[in-house]
2 protein chains.
Amino acid sequence: MSTRLTAARHPGPVTDLPSTDRPRGTLHFGPDVPPVRGSPTALARRFSQMCMGMMVEGLATTDLTALQYAVLSNLNRQDGEPGIDQNGLAARIGVERSHVSVLVEELVAKELIEQRVNGADRRARLLHLTPKGEKLYARLRPGIRIANESVLEPLSPHERRLFIDMMIRMIAANGTHARPGARRRKRGSQSSPSRKSGESRKSNDLGRRTS
Amino acid sequence: MSTRLTAARHPGPVTDLPSTDRPRGTLHFGPDVPPVRGSPTALARRFSQMCMGMMVEGLATTDLTALQYAVLSNLNRQDGEPGIDQNGLAARIGVERSHVSVLVEELVAKELIEQRVNGADRRARLLHLTPKGEKLYARLRPGIRIANESVLEPLSPHERRLFIDMMIRMIAANGTHARPGARRRKRGSQSSPSRKSGESRKSNDLGRRTS
DNA sequence: TATTGTTATACTCTATAACTATA
DNA sequence: TATAGTTATAGAGTATAACAATA
């Protein structure tokens, strides 16, 4: 059984929800919008997918991935924190230290960032954008910002602030999960069949004529 | 330059934000919470990471991935839509048809779902949970639901409804992006160095003593 | 010719672990 | 011994394209 529901397109909250409960089951929208489940997880997935879609559009003229852009946005002098080390960057963008190593390598190869050894602690590498990196970020930022704003466009200005605020509160409260490693699962507890390439997937009969 | 800000821990909205603007730059929280950028995209990433963390915990006693569970939640008889075809499922969970093929194969191998050829259109496969699948979903659902609710716990009951509602409105409005394929980028516009295995990554000098 | 599902491939992101240099 | 970063490997998820069966 599925919860039928047509979402209000723009201004107010969806009003035909029982005020004592949230939608359960699968939510159905108009013809252009695929149905979604009403759980935070399912919505989070779609929402993030949506943001990534916007992001990729905004980066279409470059060869940057979303995370590579995230690095630039964390390190730039305009509104970032230049000079943080790789662990700090890992914490900020929410990826593993090892992944940061790779991201940094890629961006160094593109000559967009540089690593400087910290004089005080020669283990650490402090990260800065190169002039080329700053220039690229300055060029990209307006479009990305507009894309980000457009995601929130169905909300009223007050709701936009509230939405960001609620996100922040949930992330802050669940800090232990909102970071890499939270998703850890035992090694070797794999679920995919893990075929050798060469043996084909399935007989795939199921009543089809083998013509 | 970074926006310093200490998020209110529980009940009300964060109050020290200028009411005419949203936080820009990097947001700093307490010692247990890594900083985040204030853009919807960055928050979406963290939020989804958080939800996935919860999900993986809830699935820890199984060998299901988050998406495999999503399939069960879309097909079960309690609150799902049994009998939809694979394209319908793809639209609902927001993955490519080709990925659904793989997910279905994995779950069929676990004997949790089954494919039935549609009599009316022999191309389509209608999906149903097996009794084993229904049983597993019934066992898992309460824990997953509690995990999902716990994500929203920092919000007041009214805010929880509003948050879900806002998510739904944004997803509905941006329907063209909230689905796979929105993230498309030109093929071959790759960013990784794409090393041959055998040649090592970088000289990695940077002033380290080569002891 | 168009659509459903399958297979293959490649890339992005995530998770771990072992390792080096430095503290 | 502990920490910052590197390298390697594997799994999960995403993006495309070519194909077979069916419409």
Side-chain angles (χ1 to χ4, degrees), chain A residues 45 48-49 52-53 56 65-68 70 85-90 93-106 115 117-118 120-127 179-192 194-195 197-198 200-204 206-211, chain B residues 45 48-49 52-53 56 65-68 70 85-90 93-106 115 117-118 120-127 179-192 194-195 197 200-202 204 206-211:
Chain A
R45 209 184 117 81
S48 153
Q49 204 164 49
M52 289 298 288
V56 168
T65 65
L67 278 181
Q68 287 170 347
D85 65 10
Q86 294 189 192
N87 278 351
L89 180 60
I93 58 181
V95 303
E96 293 282 338
R97 291 176 326 133
S98 59
H99 193 186
V100 166
S101 265
V102 177
L103 287 169
V104 164
E105 178 199 357
E106 292 163 355
Q115 298 170 294
V117 173
N118 183 356
D121 180 348
R122 295 177 42 76
R123 290 173 303 182
R125 278 113 171 82
L126 307 185
L127 302 171
R179 72 170 82 205
R183 208 171 307 190
R184 236 171 281 283
R185 53 189 299 164
K186 285 111 302 187
R187 213 127 186 234
S189 76
Q190 72 160 24
S191 45
S192 325
S194 141
R195 267 163 274 96
S197 81
S200 88
R201 292 260 288 249
K202 59 166 112 170
S203 42
N204 191 15
L206 244 185
R208 263 191 185 175
R209 273 172 218 129
T210 23
S211 80
Chain B
R45 212 184 114 81
S48 151
Q49 206 164 47
M52 288 299 288
V56 168
T65 65
L67 279 181
Q68 287 170 347
D85 67 9
Q86 295 189 193
N87 277 351
L89 180 60
I93 59 182
V95 304
E96 293 282 337
R97 291 175 325 133
S98 59
H99 193 184
V100 166
S101 264
V102 177
L103 287 169
V104 163
E105 178 199 358
E106 291 163 354
Q115 298 171 294
V117 172
N118 184 356
D121 181 346
R122 295 179 43 75
R123 289 173 303 181
R125 279 112 170 82
L126 307 185
L127 302 171
R179 71 170 81 204
R183 208 171 305 189
R184 238 171 279 283
R185 56 189 298 166
K186 286 112 296 173
R187 210 124 191 238
S189 76
Q190 74 160 24
S191 44
S192 325
S194 142
R195 268 162 272 99
S197 79
S200 87
R201 292 260 287 248
K202 59 166 113 170
N204 191 14
L206 246 186
R208 263 190 185 175
R209 272 171 216 129
T210 23
S211 82

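Every chain is numbered from 1 and lettered A, B, ... according to where its sequence line falls, protein lines coming before strand lines. Keep in mind that the numbers below use all heavy atoms, side chains included, and drop hydrogens, waters and symmetry copies.
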Any side-chain N or O of B:Arg97 less than 4.0 Å from the OP1 or OP2 oxygen of C:dT3?
no

In whole angstroms, the gap separating C1' of C:dG5 from NE2 of B:His99 amounts to 15 Å

Rounded to the Å, how far apart are B:Gln49 CD and C:dT14 P?
6 Å

Rounded to the Å, how far apart are A:Leu89 CG and C:dC13 P?
13 Å

To the nearest Å, give me how far apart CD (A:Glu96) and P (D:dG5) are.
14 Å

Interatomic distance where CD belongs to B:Gln115 and P belongs to C:dT4 [whole Å]:
15 Å

Quick check: on DNA chain C, is the nucleotide nearest B:Asp121 upstream (toward 5') of the one nearest A:Asn118, or the reverse? Name the residue that is more 5'.
B:Asp121

To the nearest 0.5 Å, how far apart are CG in A:Asp85 and CZ in A:Arg123?
10.0 Å

Protein-nucleotide distance (B:Met52, atom CE; D:dG11, atom P), rounded to Å:
17 Å

Can you find a donor-acceptor pair, distance only, under 3.5 Å between A:Arg122 side chain and C:dT22 base?
no

Can you list everything that forms a side-chain contact (heavy atoms from CB on, under 4.5 Å) with B:Asn118? Sequence neighbours excluded, please.
B:Ala120, B:Asp121, B:Ala124, B:Leu126

Between D:dT6 and A:Gln86, is there an OP1 or OP2 to side-chain N/O distance shorter than 4.0 Å?
yes

Please report, rounded to the nearest Å, how far the P atom of D:dG5 is from the CG atom of A:Leu103.
14 Å

Establish, with yes or no, whether the OP1 or OP2 oxygen of C:dA8 is under 4.0 angstrom from a side-chain nitrogen or oxygen of B:Ser98.
no

So, taking the atom named CG in B:Leu89 and the one named CZ in B:Arg125, what distance separates them when rounded to the nearest 0.5 Å?
14.0 Å

Residue pair A:Leu67/A:Ala120 against DNA chain C: nearer the 5' end by closest nucleotide is A:Leu67

Find the distance B:Gln68:CD to D:dG11:P and express it as a whole number of Å.
13 Å

Here the gap from A:Met52 atom CE to A:Thr65 atom OG1, rounded to the nearest 0.5 Å, amounts to 7.5 Å

Would you call A:His99 and A:Leu67 a side-chain contact if the rule is heavy atoms closer than 4.5 Å?
yes

Phosphate-side-chain proximity, B:Arg45 and C:dT14, N/O vs OP1/OP2 below 4.0 Å:
yes

When you measure from the side-chain N and O atoms of B:Asn87 to the phosphate of C:dT3, is any distance below 4.0 Å, counting only OP1 and OP2?
no

